[in-house]
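Beneath this line is the structure, given in structure tokens, with notes to follow.
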Amino acid sequence: MLVDFDYFFAQCEEGRNPLIRDKPVVVCVYSGRTEDSGAVSTANYVAREYGVKSGMPIFLAKKKLANVDAVFLPVDRDLYEEVSFNIMSVLKTYADLFEQVGIDEAYLDVTERAHGSFEEARRLAEKMMDEVKSREKISISIGVGPNKLVAKIAADFKKPNGLTLVKPEQTQDFLAPLPVNRLLGVGKKTNEIMKSLGVKTIGDLVRFDVKKLTGVFGEKLGAYFHDAAFGLDDSPVKERGEAESISRISTLKEDTRDLTVIMNTIKAHCEDIYMSLGQKGLRFKTVSVVAVMKPLSIRSRSKTFESSLTHLEMLENVAEELFRRLIDETNLEIRRAGVKVSGFSKEPDQQKHLSDF
DNA sequence: GTATGCTTTCGGC
DNA sequence: TTACGGCCGAAAGCATAC
């Protein structure tokens, strides 16, 4: 099954201040460039009634909520991480196998403890919804299916506070009428391509020739889309370890191509990442920089070393070199700038010396 | 031909 | 009038080694 926390950030804010519950609540990432520049992270369902959506520019959300008693709040990640941790702890007690995905989602394999029965799985899901609600005051939505792919789509079917079961024999009929972009991996661009192929629903995809599909999307993705249309997925629910990359990105005060200006911001990000690495005891082999250009297109450059990097100065120097290259290879101005490290290895334990004793 | 590694882009939340 | 975040992982595309 897939568990999804309903309008999570906004629901956390409602929990902290129940007085706002009946108003539109919009949780925002303010970029700091101007008063209202930034994007909507999450909105509660009252705000959604007015057409407010995740990813929308804040000014647009304000426009839609003009003359309404709405609440706009900045994201408070620390709060959401704490609530998330508490909920995840509860969910884990219901699962044979557990896989957290991001801050507000988790897959649970309950095959064994439900003895393969969907009715038993339903009872588990209902109990879990009650327990999370009473302990953390957060409503969740759950999809139960024969595999992760179907569970994920089922969870989306009814929310908030929804529970949707899709048994194996119901899978085809359940999926067929749904728009193809419900499938993981079909975003805006892929959806456009699908549309040009005459594929609007998952049912259309079922009838589409697999050879043509791999011709358009490549061997692996084409085969995946074909299987997905039939509700086929054998990927296991797997515990995830630590993150494989750490990145920081922010919006610049103004668009620029000036390396010195960009490095001011980037150095702060490097320090932040470096501190985080230190806490986790990690070294890294790969440095990437990413730039969001004025027209919101994205460019990135990266460099991988044979052995791990250790010093903050090295990280900063490599990032600067990569940005120099990136700027060199475009005429566009840069709006947002970020840096990412990956290719982690564990820092070797401090060698103990006799003199330490 | 296959395996592997690196860079870049895409998509989800 | 224009206006728009900050993360993460997956996979395509390419190069290289054997």
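This structure is a prediction, so every number in the text was calculated from the model and none was measured. In the text below, chain A, chain B and the rest are named by the order of the sequence lines, each starting its count at 1. Only this structure's heavy atoms are used, side chains among them; waters, hydrogens and symmetry mates stay out.
Paired with A:Tyr7 under the rule side-chain hydrogen bond (donor to acceptor under 3.5 Å, both in side chains), one option of A:Arg48, A:Glu13, A:Glu14 passes, and it is A:Glu14.
Proximity of residues 43-76 of chain A to DNA chain C (heavy atom under 4.0 angstrom from any strand atom) is restricted to A:Gly55, A:Pro57, A:Phe59, A:Lys63. For DNA chain C, the neighbouring residues in residues 23-38 of chain A, judged by any heavy atom under 4.0 Å, are A:Val29, A:Ser31, A:Ser37, A:Gly38. The stretch residues 319-336 of chain A touches DNA chain C through A:Arg335, A:Arg336, each having a heavy atom within less than 4.0 Å of the strand.
Minimum atom distance to the side chain of A:Lys285 is reached by B:dC6, of the listed C:dC7, C:dG5, B:dC6. Among the nucleotides C:dC8, C:dG6, C:dG9, the one closest to any side-chain atom of A:Ile246 is C:dC8. Residue A:Ser41 has its side chain nearest to C:dG5 when only C:dG9, B:dT9, C:dG5 are considered.
The environment of A:Lys159 atom NZ is dense: over 12 non-hydrogen atoms of other residues, nucleotides or ligands sit within 6.0 angstrom. For A:Glu49, the CD atom is loosely surrounded, since the number of other residues' heavy atoms within 6.0 Å does not exceed 12. Enclosure of atom CD in A:Glu254 is not indicated, since only 12 or fewer non-hydrogen atoms of other residues, nucleotides or ligands lie within 6.0 angstrom. Atom CZ of A:Arg135 has 12 or fewer neighbouring heavy atoms from other residues, nucleotides or ligands inside a 6.0 Å radius.
Remark: C1' of C:dC7 and CG of A:Asp78 are 15 Å apart, rounded to the nearest angstrom. Distance A:Glu306 CD to C:dT16 C1': 13 Å, rounded to the nearest Å. C:dC8 atom P lies 11 Å from atom CD of A:Glu81, rounded to whole Å. For the pair A:Ile103 CD1 and C:dC7 P, the computed distance is 12 Å after rounding to whole Å. The nearest whole Å value for the distance from the CD1 atom in A:Ile249 to the P atom in C:dC7 is 8 Å. The CD atom of A:Glu105 sits 14 Å away from the P atom of C:dG9 (whole-angstrom rounding). In this structure, CZ of A:Phe305 is placed 18 Å from P of B:dG5, rounded to the nearest angstrom. The interatomic distance linking A:Lys340 (NZ) with C:dG5 (P) rounds to 20 Å, in whole Å.
A:Asp4 and A:Ser141 share no donor-acceptor pair across their side chains, judged by distance under 3.5 Å alone. Between the side chains of A:Thr286 and A:Ser302, no donor-acceptor pair of N or O atoms lies under 3.5 Å. Looking only at atom types and distance, the side chain of A:Tyr94 has a donor-acceptor partner in the side chain of A:Glu131 under 3.5 Å away. In this model, a donor atom of one side chain and an acceptor atom of the other lie less than 3.5 Å apart for A:Ser235 and A:Asp233. A donor and an acceptor atom, one from each side chain of A:Ser31 and A:Ser37, are located under 3.5 Å apart.
Listed pair A:Thr304 / B:dG5 fails the phosphate criterion, with no side-chain N or O lying under 4.0 Å from OP1 or OP2.
For the C1' atoms, the distance linking C:dG5 with B:dG11 amounts to 15 Å, nearest Å.
The two residues A:Cys12 and A:Tyr80 make their nearest non-hydrogen contact at CB-CD2, 3.5 Å.
Here A:Ser300 lies in heavy-atom contact (under 4.0 Å) with a base. In this structure, A:Lys303 reaches the sugar-phosphate backbone alone: every heavy-atom distance under 4.0 Å involves primed, P, OP1 or OP2 atoms, never a base.
Note on A:Val101: it does not cluster hydrophobically with A:Phe8, by side-chain heavy-atom contacts below 4.5 Å among ILVMFWY residues.
Mapping A:Asp104 and A:Ser302 onto DNA chain B by nearest heavy atom places A:Ser302 at the nucleotide closer to the 5' end. Nearest-nucleotide mapping onto DNA chain C: of A:Ala243 and A:Ser250, the residue sitting toward the 5' end is A:Ser250.
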